[in-house]
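The structure follows.
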Amino acid sequence: VLTAAVTTNSQALWYMTRGFGLVALILLTITMALGLTQVVRFARPGWPRFVVAALHKNASLLALVLIAIHVATAVLDRYAPIHIVDVFIPFISAYRPLWLGLGAIALDLFVALAVTSLLRHRLGYRTWRAVHWAAYATWPLAVVHGLGTGSDTKLGWVLLINVACVGAVLSALWWRLASGWSITNATRRGVAILASVALPIAVAAWTISGPLHPGWSRRAGTPAALLAARGLTPGATSAAGTGLSLPLTANFIATQRQTGPDSSGLVHLTISGDFQGGSDGKLSIVLTGQPADGGGVQLTGSQVRLGPPTAASEYQGHVSQLEGSTVVATVSDAAGQTLSLTAHLQLGPGTGVTGTVEVHS
Ligand code: HEM
């Protein structure tokens with residue numbers, strides 16, 4: 001329990017970053033949808049324009065507060081190397097520069113929108129309007145930022161939030177196009193319709209082939225040191241319990257530790273932990289490697305142990321494939337029975353590791 005509490009504390013800021021990112025996106029979506037539907041009021045005399053305008057303004061201010069908390073926790077948290085300059089200047093961060101950079105542009109645009117709106121009476125309508133067009137870029141940039149950098153993109157409910165947000169904005173946009181826009185803007189309208197169909201399809205295709213694909217955290221630009229740190233503690237040894245019933249899919253909670261370099265210059269990353277929820281099993285994965293230039297680790301060896309239970313029925317083997325935080329291994333027991341094991345790991349901040357493990361013969 002103590003370990004769990006300590007781990008939770010050290011992870012709190014990082015989880016807040018991710019949680020507030022999602023809440024900020026929802027508020028930004030509401031802001032965007034209300035902004036889009038405001039124009040509809042011209043075509044619908046009965047439309048409660050002041051209510052919508054006030055909601056739009058309040059939602060945007062709340063979104064700003066939530067975004068501020070989101071970035072403040074990201075900077076304060078010590079897990080990922082994110083600095084205050086990364087909040088405003090895009091593409092310079094050490095952590096997932098492209099995807100974090102899109103968030104920085106979205107933030108810059110959003111701040112410009114907020115400031116010009118507060119000073120609207122001084123700026124004049126045309127200037128304000130020109131800046132307000134940036135709103136159309138803010139929201140999609142924030143969506144792609146969240147999908148691209150979010151460690152939670154693969155979770156079903158997070159995907160659902162994204163789909164709902166995109167659905168809400170598209171509905172508002174199409175409603176506006178259908179009822180709020182004058183015919184003289186036919187070209188703009190055509191471009192808007194085309195973009196509103198093509199962009200979501202492109203983003204969906206990219207999400208499937210990118211963030212939802214194994215190995216994304218490395219491709220997204222996670223620092224090698226963080227990737228390497230995701231993983232290691234000296235093998236858990238004994239385990240108690242019954243035999244494994246196969247095929248098996250279990251949640252996995254573990255700790256990670258890195259040791260070395262030892263006398264031969266090798267570092268050892270060990271992840272060891274237990275299966276949760278009825279499957280009484282233990283798993284330890286040790287990756288051995290040579291520190292590479294630039295902070296990563298060149299894998300030179302591995303050892304995988306799968307239990308329970310007694311030494312006689314322990315399975316041992318090696319990693320056969322390592323992609324991002326997905327580990328595939330083949331292990332066998334003393335009697336020669338061979339099992340395949342796939343572990344999808346989420347290497348948390350601190351020493352915590354969670355994930356799922358599938359085992360089949
Ligand atoms: C309009 C502004 C922004 C919005 C609406 C937004 C929204 C989001 C969303 C929805 C996520 C995904 C959360 C998850 O998967 O759980 C996310 C992740 C994240 N965002 Fe933002 N964001 C914005 C700007 C920024 C900026 C400027 C930074 C720069 C410091 C930033 C840093 C992060 C970090 C560090 C993560 C988590 C990355 C990870 O899980 O690996 N965001 N953001």
Side-chain angles (χ1 to χ4, degrees), residues 11-33 35 59-114 134-166 168-169 203 207 210-212 216-223 226-227 229-230 324-325 346-349 352 354:
Q11 296 182 347
L13 280 172
W14 188 239
Y15 283 122
M16 278 173 77
T17 298
R18 287 149 62 176
F20 276 103
L22 286 168
V23 183
L25 179 65
I26 293 171
L27 255 296
L28 197 64
T29 299
I30 294 173
T31 306
M32 181 83 175
S60 68
L61 292 177
L62 192 54
L64 204 57
V65 172
L66 291 164
I67 293 166
I69 299 174
H70 170 63
V71 298
T73 50
V75 171
L76 289 175
D77 172 79
R78 281 174 304 157
Y79 167 61
I82 297 170
H83 306 287
I84 189 82
V85 283
D86 303 328
V87 172
F88 299 102
I89 304 175
F91 314 131
I92 57 165
S93 64
Y95 183 79
R96 304 183 176 172
L98 177 59
W99 310 111
L100 218 61
L102 297 182
I105 301 179
L107 176 64
D108 291 341
L109 289 174
F110 198 54
V111 169
L113 285 172
Y136 290 101
T138 300
W139 179 82
L141 284 169
V143 172
V144 176
H145 154 75
L147 289 169
T149 192
S151 302
D152 303 318
T153 300
K154 287 193 172 101
L155 299 179
W157 62 271
V158 172
L159 277 177
L160 207 67
I161 289 179
N162 277 282
V163 169
C165 286
V166 172
V169 167
V203 170
T207 305
L212 296 184
W216 176 252
S217 48
R218 187 180 41 210
R219 279 195 284 146
T222 309
L226 266 189
L227 285 175
R230 293 170 170 202
S325 49
Q346 283 228 311
L347 301 138
T354 55

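In listed order, ligands and their atoms are each counted from 1. These numbers were taken from a predicted model, which means no experiment stands behind them.
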Q | Within-shell test, A104 vs ligand 1, heavy atom, strictly < 4.0 Å | A |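 Yes.
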
**Q.** Ring centre gap for W14 and Y95 strictly below 6.0 Å
**A.**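 Judged by ring-centre distance (under 6.0 Å), W14 and Y95 do meet the cut-off.
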
Q: Not counting sequence neighbours, list each pair that qualifies as a side-chain hydrogen bond (donor to acceptor under 3.5 Å, both in side chains) and has a residue in residues 138-148.
A: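 As it turns out, the side-chain hydrogen bond (donor to acceptor under 3.5 Å, both in side chains) pairs with a partner in residues 138-148, which skip direct neighbours, are T29-W139.
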
Q | More than 12 heavy atoms of other groups within 6.0 Å of R78 CZ | A |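 Check fails, neighbour count at 12 or below.
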
Q) Which is it for Y95 and ligand 1 at heavy atoms under 4.0 Å: side chain, backbone, both or neither? A)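 The answer is the side chain of Y95.
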
(Q) Check contact between W99 and ligand 1, using heavy atoms of the residue and a distance below 4.0 angstrom. (A)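 It does not, in that no heavy atom of W99 comes within the 4.0 Å cut-off of ligand 1.
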
Q.
With heavy-atom distances below 4.0 Å as the criterion, list the atoms of ligand 1 near L25.
A.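 Answer for ligand 1: 10 (C).
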
Q. Any sub-3.5 Å donor-acceptor pair from T73's side-chain atoms to H70's backbone N or O?
A.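 It does hold such a pair.
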
Q: Please confirm whether the backbone N or O of T31 pairs with a side-chain atom of S60, one donor and one acceptor, at under 3.5 Å?
A: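 No; zero donor-acceptor contacts below 3.5 Å.
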
Q) For atom 16 (O) of ligand 1, what's the nearest protein heavy atom and its distance? A)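 For atom 16 (O) of ligand 1, the nearest protein heavy atom is D152 OD2, 2.5 Å.
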
(Q) Check this for me - ligand 1, W14, N or O atoms closer than 3.5 angstrom, yes or no? (A)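 Between W14 and ligand 1, no N or O pair is found under 3.5 Å apart.
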
Q. Counting from 1, what ligand 1 atoms have a heavy atom of I82 closer than 4.0 Å?
A.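 Those of ligand 1 that fall under 4.0 Å from I82 are 30 (C), 35 (C).
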
Q. Would you say D86's side chain and H83's backbone share a donor-acceptor pair under 3.5 angstrom?
A.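 Judged by distance alone, yes, a pair lies under 3.5 Å.
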
Q. Does F88 come within less than 4.0 Å of ligand 1, judged by its heavy atoms?
A.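 No.
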
Q | Within-2.8 Å protein N/O/S contacts of atom 21 (Fe) of ligand 1 | A |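 N, O, S partners closer than 2.8 Å: H70 NE2, H145 NE2.
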
